[in-house]
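Step one of this worksheet: look at the structure below.
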Amino acid sequence: MIEWSDATIKEFQTTLLAWYDANRRDLPWRQDHDPYHVWVSEIMLQQTQVNTVIPYYQRFMASFPTVEKLAQAPEEQLLKAWEGLGYYSRVRNMQRAARQLLTDNGGQWPHTKAELQKLVGIGPYTAGAIASIAFNQPEPAVDGNAFRVFSQLLEIDADITKPQSRSLFEEVIRKIISKDRPGDFNQAIMDLGSSYMTAKNPDNEHSPVKKFNQAYLDGRLDEFPVRSKRLKPVDKQYFALVIETPGGFLFQQRASNELLAKLWLFPLVDADQLKESHPELNATTIIKAVEEKFVSETEIQTELQLIDTPIVNHTFTHQKWHVTLLYAKLQEELDLSHFSGKVVPVKKFATLAWPTVQKKLWQAFKKRQIQLF
DNA sequence: GAGGCGTGGTT
DNA sequence: TAACCAAGCCT
């Protein structure tokens with residue numbers, strides 16, 4: 001790792017901010033420095049690309065224009081607004097933080113990074129972003145871009161996946177950040193990281209800061225940033241039960257402590273669990289076992305059938321689901337006193353927050369329907 | 001500190 | 001397809 005002189009730091013700040021002034025992206029959350037606007041955008045942008053966030057941000061602001069509106073919103077409405085964006089605990093934590101702010105702080109935003117970080121869902125990055133952008137505090141905001149940009153500029157070889165490395169980068173950036181325009185400095189680093197100093201196909205030859213980029217000058221770009229490999233997603237097998245009744249289809253809400261918490265899916269049966277407790281089951285008999293399990297839970301006699309192309313695959317960060325669709329059409333309404341779910345007519349599907357895997361399941365089922373007629 | 005938590009785009 | 005990446009946080 002190299003170090004910069006005070007003169008180099010000054011020159012870097014001037015170069016970076018001049019480039020930013022001329023080339024900054026015009027994004028919906030850059031209209032002003034309202035802490036609520038900065039906060040919502042930063043939460044949405046966590047591990048999520050700018051182009052994905054833009055329409056969500058605009059809809060969210062139309063529905064929940066203030067901290068008060070957010071605090072008062074029904075949770076189902078929040079999840080619906082977040083549908084398809086992923087990491088759904090973000091929006092539930094945002095509502096908790098909104099309520100924290102209103103009850104503990106009288107609705108007043110704290111101005112310091114340390115105080116901001118006490119709000120649930122606001123970690124070191126987001127606290128730094130809000131403190132610098134909304135309140136002009138000279139705090140680093142170290143995201144993936146900052147890790148990549150500064151590791152290359154200064155040839156920092158700390159493994160960025162280790163929590164300790166964040167402190168090192170924050171110390172380094174604290175010395176380099178513009179004390180006059182910290183918010184613009186942090187945003188300029190992000191714009192740089194998503195234009196010239198990208199993870200793939202970077203264009204350092206035309207980068208405004210190429211002469212400050214030590215790894216580039218040394219031909220060692222491929223060595224930075226240093227990051228350890230991630231784990232492969234674990235395979236999981238499920239059956240999805242598509243139960244059609246006169247009143248609609250059966251849905252179940254995911255428990256609050258599991259993946260896709262509080263979202264709505266067709267009822268799932270864990271096939272791996274079933275195979276473990278009944279090792280004698282084969283591909284055919286396991287479907288009967290799923291049926292028996294459903295019948296015993298609902299006390300509704302029914303026959304599950306395999307549909308034509310029943311397998312839906314969906315990959316999460318750490319799990320890969322292989323879901324087999326089973327279908328049953330019932331002539332009478334379900335008695336839900338023994339089952340934690342609800343029957344929803346197709347017309348009302350849009351009121352439920354569906355994760356992407358449920359959208360895939362429904363598409364696969366609909367495709368099968370078309371083949372019937 | 002390591003692993004859980006989503007999705008969409010790119011290669 | 002598999003692997004990697006993108007404005008991370010919580011436990």
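Because the structure is predicted, anything quoted here is derived from the model rather than measured. Naming: A, B, ... by sequence-line order, numbering from 1 per chain.
Hydrophobic cluster membership is shared by A:Met197 and A:Leu154, with clusters built from Ile, Leu, Val, Met, Phe, Trp and Tyr side chains linked at under 4.5 angstrom. Hydrophobic clustering of Ile, Leu, Val, Met, Phe, Trp and Tyr side chains at less than 4.5 Å, counting indirect connections, keeps A:Ile2 apart from A:Val226.
Within residues 191-209 of chain A, the residues having any heavy atom closer than 4.0 Å to DNA chain B are, in order of number, A:Lys200, A:Asn201. For the segment residues 160-186 of chain A, no residue has any heavy atom less than 4.0 angstrom from an atom of DNA chain C. Of the residues in residues 65-98 of chain A, those lying under 4.0 Å from DNA chain B by heavy-atom distance are A:Gly84, A:Leu85, A:Gly86, A:Tyr87, A:Tyr88. For the contact set between residues 43-52 of chain A and DNA chain C, defined by any heavy atom under 4.0 Å, the members are A:Leu45, A:Gln46, A:Gln47, A:Gln49, A:Val50. Remark: A:Arg227, A:Lys229, A:Arg230, A:Lys232 in residues 225-234 of chain A come within less than 4.0 Å of DNA chain C through at least one heavy atom. For the segment residues 16-27 of chain A, residues with any heavy atom less than 4.0 angstrom from an atom of DNA chain C are, sorted by number, A:Arg25, A:Leu27. Within residues 128-152 of chain A, no residue has any heavy atom under 4.0 Å from DNA chain B.
Take the nearest nucleotide of DNA chain C for A:Trp29 and for A:Gly121: the residue whose nucleotide is more 5' is A:Trp29.
Nucleotides of DNA chain C lying under 4.0 Å from heavy atoms of chain A occupy a range whose first and last members, 5' to 3', are C:dA2 to C:dC10. Bounding nucleotides for the chain A contact on DNA chain B, 5' to 3', at a heavy-atom distance below 4.0 Å, are B:dG1 to B:dT11.
Classification of the A:His111-A:Phe135 ring pair by plane angle, with boundaries at 30° and 60°, yields parallel. In this pair, A:Phe266 and A:Phe365 present their aromatic rings perpendicular. The plane angle is above 60°, beyond the 30 to 60° band.
Without hydrogens or angle criteria, A:Asp159 side chain to A:Thr161 main chain gives a donor-acceptor distance under 3.5 Å. Here the side chain of A:Arg174 pairs no donor or acceptor atom with the backbone of A:Glu139 at under 3.5 angstrom. In this structure a side-chain-to-backbone donor-acceptor pair under 3.5 Å is present from A:Lys210 to A:Glu205. Looking at A:Arg30, its side chain does come within 3.5 Å of a backbone N or O of A:Arg25 through a donor-acceptor pair. Using modelled atom types, one side-chain atom of A:Trp82 and one backbone atom of A:Gly86 make a donor-acceptor pair closer than 3.5 Å. Proximity of a side-chain donor or acceptor of A:Arg90 to a complementary backbone N or O of A:Tyr87 within less than 3.5 Å is detected. Distance alone, capped at 3.5 Å, places no donor-acceptor pair between the A:Asp218 side chain and the A:Arg220 backbone.
At a threshold of 4.0 angstrom between heavy atoms, the contacts of A:Arg254 with the nucleic acid are absent. At the heavy-atom level, A:Lys320 lies under 4.0 Å from the strands shown only through sugar-phosphate atoms. Here A:Thr126 lies in heavy-atom contact (under 4.0 Å) with sugar-phosphate atoms only.
Here A:Glu333 pairs with A:Thr245, A:Pro246, A:Val343 under the side-chain contact (heavy atoms from CB on, under 4.5 Å) rule; sequence neighbours left out. Every residue two or more places apart in sequence or in another chain that forms a side-chain contact (heavy atoms from CB on, under 4.5 Å) with A:Ser132 is listed here: A:Pro182, A:Asn186. With sequence neighbours left out, A:Phe64 forms a ring-ring contact (aromatic ring centres under 6.0 Å, His included) with A:Phe60.
Residues A:Ile189 and A:Asp143 are not in side-chain contact: their nearest non-hydrogen atoms beyond the backbone lie 4.5 Å or more apart. With a 4.5 Å cut-off on side-chain heavy atoms, A:Lys262 and A:Glu75 count as touching. Side-chain contact between A:Lys80 and A:Gln77 is absent, with no heavy atoms from C-beta onward closer than 4.5 Å. Counting only heavy atoms from C-beta outward, the side chains of A:Tyr196 and A:Val209 never approach each other to under 4.5 Å. With contacts defined as side-chain heavy-atom distances shorter than 4.5 Å, the pair A:Ile173/A:Glu170 does not qualify. The shortest distance between side-chain heavy atoms of A:Pro208 and A:Tyr20 does not fall below 4.5 Å.
Remark: the separation of the P atoms in B:dG3 and C:dC4 is 16 Å, to the nearest Å. Look at the C1' atom in both B:dG1 and C:dA6: the space between them is 23 Å, to the nearest Å. Taking the P atoms as reference points, B:dC5 lies 23 Å from C:dA7, given to the whole Å.
Cation-pi geometry between A:Lys342 and A:Trp264 is satisfied (NZ or CZ under 6.0 Å from the ring centre, within 45° of the ring normal). Because its NZ or CZ atom is both nearer than 6.0 Å to the ring centre of A:Tyr327 and within 45° of the ring axis, A:Arg368 counts as a cation-pi partner of that residue. Stacking of A:Arg59 on the aromatic ring of A:Tyr57 is not recorded, the 6.0 Å distance cut-off and the 45° axial limit not both being met.
Around the CD atom of A:Glu280, the shell of radius 6.0 Å holds more than 12 heavy atoms that belong to other residues, nucleotides or ligands. Dense packing is recorded around CG of A:Asp32, with more than 12 heavy atoms of other residues, nucleotides or ligands lying under 6.0 Å away.
Aromatic pair A:His318/A:Phe316: ring centres not closer than 6.0 Å.
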